[in-house]
Amino acid sequence: MLMPHPATLRRLVEEYESLVAHEGEQNDPQTARRAQDLAYTLCVSTGTRDLRQALETARGQLAAAQATATAELCGNRVGLPAELDSHGPGASGYAALHEQ
């Protein structure tokens, strides 16, 4: 499964959560539609069919990406958990992008 760039994934999560938090206040059909579009995109981006699972998976991917970036800044080599490291033979997910 392809993984979205952490910045893109973070933006999707933040925008979705912001819209949902304010949706009741605005009662705007365009806002509701945007929230639905973001929910769909989060599900597709994380390979899930349930929004709760998509948000959980996205947060897990963001945490793993942050841990990898932090470890690399500290000079440590850290691989991704096996469930996130699934880009095919010879690839090692997000960490591989930074090894090149």
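Rounded to the nearest 0.5 angstrom, T8 OG1 and R11 CZ are separated by 6.5 Å. Distance check, rounded to the nearest 0.5 Å: CD of Q61 to NE2 of H5 gives 12.5 Å. Note that OH of Y16 and CG of L51 are 4.0 Å apart. Values are rounded to the nearest 0.5 Å. A distance of 11.0 Å separates CG in L42 from CG in D37, rounded to the nearest 0.5 Å. One distance of note links CD of E14 with CD of E17; it measures 7.5 Å at 0.5 Å rounding. Atom-to-atom distance recorded for D50:CG and E56:CD is 9.5 Å, nearest 0.5 angstrom.
What you find for A35 and L19 is that their closest heavy atoms are N-CD1, 3.9 Å. Shortest non-hydrogen contact noted between P6 and A65 is CG-CB, 3.6 Å.
Between Q66 and L62, every side-chain heavy-atom pair lies at or beyond the 4.5 Å cut-off. Side chains of V13 and L38 form no contact here, defined as non-hydrogen atoms less than 4.5 Å apart.
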| said: Does T57 form a side chain to side chain donor-acceptor pair (under 3.5 Å) with Q53? I'd like the steps, not just the answer. | reply: CA-CA 6 Å; T57 300; Q53 183 64 39; 3.2 Å; yes
